[in-house]
Number of protein chains: 2
Amino acid sequence: MDYSISEVARYFGITVSALRYYDQVGLLHPAGRRGTVRIYGRDELRRLALIQLLHHDGMMSLADTTATLADKPPSGGSRHVVAESIRVMHHQIEQLRAAQHILEHLLTCPRDDPIRDCPVLRTQLEDTVDTALHANQTAELDTRMTNKDDSGRPET
Amino acid sequence: MDYSISEVARYFGITVSALRYYDQVGLLHPAGRRGTVRIYGRDELRRLALIQLLHHDGMMSLADTTATLADKPPSGGSRHVVAESIRVMHHQIEQLRAAQHILEHLLTCPRDDPIRDCPVLRTQLEDTVDTALHANQTAELDTRMTNKDDSGRPET
DNA sequence: CGTTGCGCTCAAGTTCACTTGAGCGAGCAC
DNA sequence: GTGCTCGCTCAAGTGAACTTGAGCGCAACG
């Protein structure tokens, strides 16, 4: 029922120092201490599994992960963090698919230098470029109007 | 047909300093220079679109992105990088889906503190924990090979 | 009873991907 | 002809997420 820091580290493929760091920043405290030694219980293992999923696999920042796990009732300010994360992840999945698609094409395309020669790839990228140019012709107006205050990228 | 560094930056939602950095590390060189000033052409815009997709959206490191774009015939050493990236992205998509699913549950679960109280979530995490413990009993054996005489530490 | 192993703390260091700052030049605008 | 904007270089700084190192305690092993 009790696990030492090195056991937890081994089981979850994480380092001991990372676990101490998580303790330090308040992301994952051990169940308690025997003397000065950290003791983890089942609850902490479950919490760690969730942390791994959100942070490592879901690419949420440690801060957001902390916020998400901190909300007793998810109605607090972290509810927004959670909803936003879902949205970001959704977008991320789509982008990953697109990137994957391109990479697969790179592997199978018979051209010597697909990036320069392949018409399929070229057309696709040309589209993206056009979209970028367009998107920004409008943004450019906004920016020019109000003087300098630019931020955020135009979500391709 | 020619674009200044600030135009490219604006169009692609990237900073001027990032573009100079890309030039510096050999990821994206300008088509040429007018005096000391960087000039980008259509080819560079297409390349940048690809960079954004792989690096930013596909989460590949700049080094891997550079390697991927560097392979004239994708049969070189970077072929492995590409194949590996596809595999990683595939895994990433699945993990993102799982994370997304959990977050959605957090938003809809009627429990006050789903992380502790919700049986669905709890069971799911318990499974992950068990898998982790299990996976490591085998890994542990590998590591232990040199050190016989057991040590069943999984406790209880 | 010394040394090996695991654990601890606290401070400083590391990597990645940029950003910022200092200091300078070219072009045009008034 | 002075100032503004855009661009340049090179060196140093930044933030996130850890890692590493120094120095220490404690328990067991031979």
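Each chain gets a letter, A, B and so on, in the order the sequences are listed, and its residues count up from 1. Everything numeric here is computed off the predicted structure, so don't read it as measured data.
- With C:dA17, C:dT19, D:dC8 as the candidates, the nucleotide lying closest to the side chain of B:His55 is C:dA17.
- Heavy-atom minimum distance, A:Gly58 versus B:Ala99: CA-CB, 4.1 Å.
- One atom, CZ of B:Arg20, and another, P of C:dG21, lie 14 Å apart when rounded to the nearest Å.
- Using a 4.0 Å cut-off between charged side-chain N and carboxylate O, B:Arg33 and B:Asp23 make a salt bridge.
- The phosphate of C:dT19 has OP1 or OP2 within less than 4.0 Å of a side-chain N or O from B:Thr15.
- Proximity of B:Arg33 to the phosphate of D:dT9: a side-chain N or O atom is located under 4.0 Å from OP1 or OP2.
- Rounded to an integer number of Å, the gap from CD of A:Glu7 to C1' of C:dC6 is 11 Å.
- Rounded to whole angstrom, the span from the CD1 atom of B:Ile51 across to the P atom of C:dA17 amounts to 13 Å.
- The side chain of A:Arg34 contributes no N or O atom lying less than 4.0 Å from OP1 or OP2 of D:dC26.
- Salt bridge present: B:Asp2 and B:Arg34 bring a charged side-chain N and a carboxylate O closer than 4.0 Å.
- For D:dC18, one of the phosphate oxygens OP1 or OP2 lies less than 4.0 angstrom from a side-chain nitrogen or oxygen of A:Tyr22.
- Remark: P of D:dT5 and CZ of B:Arg10 are 15 Å apart, rounded to the nearest angstrom.
- Distance, B:Gln52 CD to C:dC18 C1': 14 Å, rounded to whole Å.
- Side-chain contact between B:His56 and A:Gln95 is absent, with no heavy atoms from C-beta onward closer than 4.5 Å.
- Between the P atom of D:dA17 and the CG atom of A:Leu19 lies a distance of 16 Å, rounded to the nearest Å.
- OP1 or OP2 of C:dT9 has not a single side-chain nitrogen or oxygen of A:Thr36 nearer than 4.0 Å.
- Applying the side chain to side chain contact (heavy atoms under 4.5 Å, CB included) rule to B:His90 yields the partners A:Gln100, B:Glu94; only residues at least two apart in sequence or on another chain are considered.
- Straight-line distance from the CG atom of B:Leu28 to the C1' atom of C:dC18: 15 Å, rounded to whole Å.
- Among the heavy atoms of the strands lying under 4.0 Å from A:Ser17 is at least one base atom, whether or not backbone atoms are also near.
- The side chain of B:Tyr21 lies closest to C:dA17, out of D:dT9, D:dG7, C:dA17.
- Looking at residues 39-50 of chain B, you'll see that no heavy atom sits under 4.0 Å from any atom of DNA chain D.
- Evaluation of the side-chain hydrogen bond (donor to acceptor under 3.5 Å, both in side chains) rule for A:His105 yields no partner, not counting sequence neighbours.
- Between the CG atom of B:Asp23 and the C1' atom of C:dT19 there is a distance of 16 Å, rounded to whole Å.
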